[in-house]
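In what follows, a single structure is set out as structure tokens and then discussed.
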Amino acid sequence: KNEVEQSPQNLTAQEGEFITINCSYSVGISALHWLQQHPGGGIVSLFMLSSGKKKHGRLIATINIQEKHSSLHITASHPRDSAVYICAAHSGSARQLTFGSGTQLTVLP
Amino acid sequence: DAGVTQSPTHLIKTRGQQVTLRCSPKSGHDTVSWYQQALGQGPQFIFQYYEEEERQRGNFPDRFSGHQFPNYSSELNVNALLLGDSALYLCASSPRSGNTIYFGEGSWLTVV
């Protein structure tokens, strides 16, 4: 069993839809990252969370430390949101990231 | 600020050859981590360097080695390349304290 599990693996939505991607982890963490990866390969950090909720534009990330669960929400989705979204757990002692396998999001116009 | 830069961006090698990938961390960051990402999968941790020493290592064979220079830049070396080493190799930099992390664009390695 992977230490970081994401769902769904693939997600297709129509433009304007509300999207949720889920992440569960089994390790103790100091922070959880939500990352975006476009086909070219580069990864961009969207959020770093250790508690509560963060919002940036149409993106919202929440984390429940007790339940070891985090969600990434995209409101009013747009085709340019199409990418792979990855959650990664940052364990305080190891200072390394453990990644989920990613969610391929495709938003259709 | 150039962020994290990696080179080369793409390369093709033959089985058995050796490859060196390079990474310059974001200004102010002294810790460099390397990850391997196979197609369709999440990145896997290879190792992490700070103070010019390997501090942590993932589940990768000794064919994978690295180095960190006094200016914090880093190299990843892979010897005796296998077809299965074909992947995107990502470098990430971070400061000693805190959990901020920045990624480079990656180096696409194809082994034929």
Side-chain angles (χ1 to χ4, degrees), chain A residues 1-10 21-25 27-51 54 61 63 65 70 72 83-106, chain B residues 2-11 21 23 26 29-51 53-60 66 86-110:
Chain A
K1 187 183 185 328
N2 290 335
E3 293 178 327
V4 179
E5 298 271 355
Q6 266 185 257
S7 63
Q9 266 192 310
N10 293 281
I21 300 170
N22 295 300
C23 176
S24 297
Y25 54 93
V27 296
I29 67 166
S30 58
L32 186 122
H33 297 257
W34 280 102
L35 310 166
Q36 182 190 57
Q37 186 172 35
H38 282 281
I43 291 178
V44 174
S45 178
L46 300 174
F47 295 103
M48 182 176 66
L49 291 163
S50 55
S51 64
K54 287 189 175 180
I63 189 168
I65 298 295
S70 177
L72 175 68
V84 175
Y85 293 84
I86 306 172
C87 70
H90 207 150
S91 68
S93 60
R95 296 186 74 233
Q96 70 188 56
L97 287 175
T98 303
F99 290 80
S101 57
T103 296
Q104 173 68 63
L105 172 64
T106 303
Chain B
V4 180
T5 59
Q6 289 188 244
S7 65
T9 53
H10 294 81
L11 70 167
L21 308 178
C23 172
K26 181 177 170 60
H29 288 185
D30 62 357
T31 299
V32 173
S33 301
W34 287 93
Y35 295 87
Q36 180 196 64
Q37 186 178 22
L39 205 59
Q41 298 182 25
Q44 299 291 319
F45 175 72
I46 302 174
F47 42 52
Q48 184 180 82
Y49 278 84
Y50 60 88
E51 295 181 349
E53 289 191 19
E54 182 183 297
R55 299 295 177 171
Q56 296 169 47
R57 189 178 182 92
N59 189 25
F60 279 80
S86 297
L88 175 67
Y89 289 84
L90 291 160
C91 170
S93 76
S94 55
R96 282 296 302 277
S97 60
N99 294 311
T100 307
I101 191 162
Y102 285 81
F103 287 86
E105 292 292 316
S107 294
W108 289 96
L109 171 65
T110 301

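Note on naming: letters A, B, ... go to the chains in the order of the sequence lines (proteins, then strands), and numbering restarts at 1 for each one.
- Looking at H38(A), neither its backbone nor its side chain comes within 4.5 Å of chain B, counting heavy atoms on both sides.
- Within 6.0 Å of atom CZ in F60(B), more than 12 heavy atoms from other residues, nucleotides or ligands are found, so the atom counts as buried in its surroundings.
- With a 6.0 Å radius and a threshold of 12 heavy atoms from other residues, nucleotides or ligands, Q9(A) has its CD atom at or below the threshold.
- Heavy atoms of Q37(A) lying under 4.5 Å from chain B belong exclusively to its side chain.
- Only the side chain of Q37(B) has a heavy atom closer than 4.5 Å to any heavy atom of chain A.
- Neither the backbone nor the side chain of T9(B) comes within contact range of chain A; no heavy atoms are under 4.5 Å apart.
- With hydrogens and angles ignored, the 3.5 Å screen pairs no side-chain donor or acceptor of Y35(B) with any backbone N or O of F99(A).
- Both the backbone and the side chain of I43(A) come within less than 4.5 Å of a heavy atom in chain B.
- Considering only heavy atoms from C-beta on, I86(A) comes within 4.5 Å of P43(B) through its side chain.
- The distance from the CD atom of Q44(B) to the OG1 atom of T98(A) is 8.5 Å, given to the nearest 0.5 Å.
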